[in-house]
Amino acid sequence: MDINDLASFVAIILATISLAISLIQVRISKKSNMLPIIIEMINEFRSKEFKKNQRYILCDLDCLQGKGYRDLSEEEREHVLPVSYFFDHLGTLVLEKMIGKRFILTFMARSLLETWYKLSPLIYIEREKYWKTRNYKFQYGFEYLSVLAKDYLTRIEKKKTRKRFLPPIK
């Protein structure tokens, strides 16, 4: 191996290291650009208006049998749509890997899943009535998050159960 081969080899190694570093920087930059959006979504989730709407969905929304979103009254829509679309948009961000799912599920899984169980009949009816012929799955981000939330909460419960049966530390 002469000096030119060695120089070429070192140049290739340095170029590879440089590429790896720039890819890491791009990933870090992407995450830092998402921080304001994440903070805004957390603030929205914790807002009085959001909690009021969610409470309405969980406690006051009745008789959804056979209804889709378009069949809701104006009052029902005022409460349902902001919450449903919030979770749908959040799910889309998680699905596209713009926000980490673990971060979202840690503080929102149970609330999200309760809301999904209440609204999923509406969503399925809406899909069947109005979106069946289109190549679009209405509220897919919301559904995706609900599947993740159910899995997350199941794993948490298993860990709690496992810990209960451990012998006491001496």
Enquirer: I'd like to know if Phe138 and Val147 are part of one continuous hydrophobic network [Ile/Leu/Val/Met/Phe/Trp/Tyr, side-chain heavy atoms within less than 4.5 Å].
Expert: no
Enquirer: Would the number of heavy atoms belonging to other residues, nucleotides or ligands and lying under 6.0 Å from NZ of Lys150 be above 12?
Expert: no
Enquirer: Judged by atom type as modelled, is there a donor-acceptor pair below 3.5 Å linking the side chain of Ser111 to the main-chain atoms of Met108?
Expert: no
Enquirer: Minimum heavy-atom separation for Leu122 and Lys67, please, with both atom names.
Expert: CD2-O, 3.3 Å
Enquirer: Distance under 6.0 Å and angle within 45° of the ring axis: does Lys129 meet both against Tyr124?
Expert: no
Enquirer: For Leu14, does its backbone N or O pair with a side-chain atom of Ser18 as donor and acceptor, under 3.5 Å?
Expert: no
Enquirer: Do you know which two heavy atoms are closest between Val94 and Leu145, and how far apart they sit?
Expert: CG2-CD2, 4.1 Å
Enquirer: Within the side chain of Asp71, is there an N or O that forms a donor-acceptor pair under 3.5 Å with the backbone of Gly68?
Expert: yes
Enquirer: Look up atom CD in Glu157 and atom CZ in Arg155, then write down how far apart they are to the nearest 0.5 Å.
Expert: 12.5 Å
Enquirer: Gln139 vs Tyr85, test: side chain to side chain contact (heavy atoms under 4.5 Å, CB included). Steps then yes/no.
Expert: CA-CA 7 Å; Gln139 294 284 302; Tyr85 282 115; 3.2 Å; yes
Enquirer: If you measure from CD1 on Ile38 to CG on Asn43, what distance do you get to the nearest 0.5 Å?
Expert: 12.0 Å
Enquirer: To the nearest 0.5 angstrom, please state how far the CG atom of Leu90 sits from the CD1 atom of Ile99.
Expert: 5.5 Å
Enquirer: Measure from the side-chain N and O atoms of Glu126 to the backbone N and O of Arg70, and report whether any donor-acceptor pair falls under 3.5 Å.
Expert: yes
